[in-house]
Amino acid sequence: VSVGCDNACTFCIVPLVRGPQRSRPLGEILAEVQGLARSGVLEVTLLGQNVNTYGRDLTVPDSPRKPQFASLLRAVDGVDGIRRIRFTSPHPHDFTPDVIEAMAECESVCEHIHFPLQSGSDRILRLMRRSYRSARYLEWLRRIREAIPEIGVTTDVIVGFPGETEEDFRATLRVVEEAGFDAAYTFQYSPRPGTVAAGFDEQVPKEVVQDRFDRLLELQEGISLEKSRAWEGQVVEVLVEGEGKKGGVQGRTRTNRVVNFQGPGSPGEFVPVRVVRGHPHHLTGQPVGAAVGA
Ligand code: SF4
């Protein structure tokens, strides 16, 4: 729905290679989604480098208002046949109450959000030029969960950003623990030529980065497992995507959990599945009803 980005995170190459944000007109996106729905598509992902600032660069003829990301969610939710809407990636700084309302009210918008943290240290967030701080990040997460209690939350975290001290890293561990992410994509910082951070002096030694990365991974694996176990016994709606790695069927819940089960189900069918076991990165279950096509 948009390309480019108006932010200037010091580790990121996007503003250099993609330039400022350019959004597609809302009508054009809607026409594409309607066409996809007519051809049998059930799920769409609205993609933008900073997806929740969608529309800020657009003007609407004869109107002082600009299209907003919340309006886009509501418009796509109105398309017959689309059962699941996802979006990625929102920037925590640009998250607004109208988006939370739209997520809570639109039936097709899935109960999942990818909400990039990057660091739990305010000092490092400042060096990264991420324009939120850890307290504000956690406050937004609290509000999102209050509006959508069952929501699955995933994140990105960078370890070993230049100048990151043990204290900074511990701040990240604390925020990760408090946030209770379902899953985190963790990255070891590596300088991208051309970015501001690549020129920073205090690059963290590789072995220190590796050690912090391992500790963060261990913490998150434990949290992910705990979150997965909380699903045991519950019945979830699985949209089948294909064969599982170990045979059987694999699909995904609305909360973006991968589910493996033995039983009926072809790609594009919805199957009610009781979760039998939670693993850190997926759930296993048993179907409790017939597979239903769209
Ligand atoms: Fe933009 Fe995301 Fe890159 Fe920051 S990390 S500059 S918000 S694309």
So [Y] and [X], do their side chains get closer than 4.5 Å, heavy atoms only?
{"X": "D94", "Y": "N7", "answer": "yes"}
{"X": "S228", "Y": "H279", "answer": "no"}
{"X": "F69", "Y": "D98", "answer": "no"}
{"X": "R130", "Y": "C9", "answer": "yes"}
{"X": "I144", "Y": "F95", "answer": "yes"}
{"X": "L216", "Y": "L173", "answer": "yes"}
{"X": "V175", "Y": "L138", "answer": "yes"}
{"X": "R83", "Y": "E237", "answer": "yes"}

*For V288, what are the other residues in its hydrophobic cluster, where any two members join if their side-chain heavy atoms are less than 4.5 angstrom apart?*
V235
*Can you list the other members of the hydrophobic cluster that holds V259, where links are side-chain heavy atoms under 4.5 angstrom apart?*
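Result for V259 is W231, V236, V238, V240, V249, F261, V271, V273, V275, L283.
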Working to the nearest 0.5 angstrom, can you tell me the gap between [X] [atom1] and [Y] [atom2]?
{"X": "E178", "Y": "I223", "atom1": "CD", "atom2": "CD1", "answer": "11.0 Å"}
{"X": "I100", "Y": "I151", "atom1": "CD1", "atom2": "CD1", "answer": "9.0 Å"}
{"X": "F181", "Y": "L219", "atom1": "CZ", "atom2": "CG", "answer": "10.5 Å"}
{"X": "D6", "Y": "D57", "atom1": "CG", "atom2": "CG", "answer": "7.0 Å"}
{"X": "T172", "Y": "I124", "atom1": "OG1", "atom2": "CD1", "answer": "8.0 Å"}
{"X": "R136", "Y": "L125", "atom1": "CZ", "atom2": "CG", "answer": "12.0 Å"}

_I'd like to know if E164 pairs up with R212 as an ion pair, taking the criterion as any Lys NZ or Arg NE/NH1/NH2 lying under 4.0 Å from an Asp or Glu carboxylate oxygen._
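Yes, this pair counts.
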*asked:* Any salt bridge linking E177 with R174? Criterion: basic side-chain nitrogen under 4.0 Å from a carboxylate oxygen.
replied: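 Between R174 and E177 there is no salt bridge, as every charged N stays at least 4.0 Å from the carboxylate O atoms.
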Under a 4.5 Å side-chain heavy-atom rule over Ile, Leu, Val, Met, Phe, Trp and Tyr, are [X] and [Y] clustered together?
{"X": "V14", "Y": "F87", "answer": "no"}
{"X": "V258", "Y": "F270", "answer": "no"}
{"X": "Y54", "Y": "I85", "answer": "yes"}

*asked:* Test side chain to side chain contact (heavy atoms under 4.5 Å, CB included) on L46 and L73; report intermediate values, then the result.
replied: CA-CA 9 Å; L46 308 177; L73 282 179; 3.9 Å; yes
If we ignore hydrogens and angles and just use 3.5 Å, is the side chain of [X] paired with the main-chain N or O of [Y] as donor and acceptor?
{"X": "T186", "Y": "L217", "result": "no"}
{"X": "D182", "Y": "T154", "result": "no"}
{"X": "E28", "Y": "P25", "result": "no"}
{"X": "T155", "Y": "F115", "result": "yes"}

Around atom [atom1] of [X], are there more than 12 heavy atoms of other residues, nucleotides or ligands at under 6.0 Å?
{"X": "R123", "atom1": "CZ", "answer": "yes"}
{"X": "R170", "atom1": "CZ", "answer": "no"}
{"X": "E226", "atom1": "CD", "answer": "no"}
{"X": "R18", "atom1": "CZ", "answer": "no"}
{"X": "E232", "atom1": "CD", "answer": "yes"}

_Exercise: do S121 and S119 side chains pair donor with acceptor under 3.5 Å_ = no
*With distance as the sole criterion, is a donor-acceptor pair present between the side chains of Q49 and Q21 under 3.5 Å?*
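Distance-only check fails for Q49 and Q21.
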For [X] and [Y], work out which heavy atoms get closest and say how close.
{"X": "A198", "Y": "Y189", "result": "N-OH, 3.6 Å"}
{"X": "N52", "Y": "S89", "result": "OD1-O, 4.3 Å"}
{"X": "I13", "Y": "P193", "result": "CD1-O, 3.4 Å"}
{"X": "V109", "Y": "D77", "result": "N-OD1, 4.2 Å"}
{"X": "A147", "Y": "A104", "result": "O-CB, 4.1 Å"}
{"X": "Q203", "Y": "P191", "result": "OE1-CG, 4.1 Å"}

*Could you pull out all residues at least two apart from R86 that satisfy side chain to side chain donor-acceptor pair (under 3.5 Å)?*
E43
Quick one: side chains of residues 30-42, donor-acceptor pairs under 3.5 Å with protein atoms, not counting sequence neighbours, listed by atom name and distance.
residue, atom, partner, partner atom, Å
E32, OE1, R24, NH1, 2.8
E32, OE1, R24, NH2, 2.8
S39, OG, L36, O, 2.8

*asked:* Considering only residues two or more places apart or on different chains, which pairs with a residue in residues 213-222 satisfy salt bridge (charged side-chain N to carboxylate O under 4.0 Å, His left out)?
replied: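 Residue pairs with at least one partner in residues 213-222: E166-R215, D211-R215.
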*Qualifying salt bridge (charged side-chain N to carboxylate O under 4.0 Å, His left out) pairs with a residue from residues 101-119, counting only residues at least two apart or across chains*: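 Qualifying pairs, neighbours excluded: R74-E105, E111-R254.
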*Name the orientation class of the two ring planes belonging to H112 and H114 (parallel below 30°, tilted from 30 to 60°, perpendicular beyond 60°).*
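It falls in the tilted class, 30° to 60°.
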*Mind checking whether Y132 and Y137 have parallel, tilted or perpendicular rings, split at 30° and 60°?*
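Ring orientation of Y132 relative to Y137: tilted.
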*So I29 and L26, side chain to side chain contact (heavy atoms under 4.5 Å, CB included) or not? Walk me through it.*
CA-CA 5 Å; I29 298 167; L26 199 147; 5.6 Å; no
*Please step through side chain to side chain contact (heavy atoms under 4.5 Å, CB included) for the pair Q118 and I158, ending with a clear verdict.*
CA-CA 5 Å; Q118 309 301 8; I158 298 172; 3.5 Å; yes
*Before giving the answer on side chain to side chain contact (heavy atoms under 4.5 Å, CB included), spell out for L47 and T88 the whole-Å C-alpha distance, their side-chain angles and the decisive distance to 0.1 Å.*
CA-CA 5 Å; L47 184 64; T88 199; 3.5 Å; yes
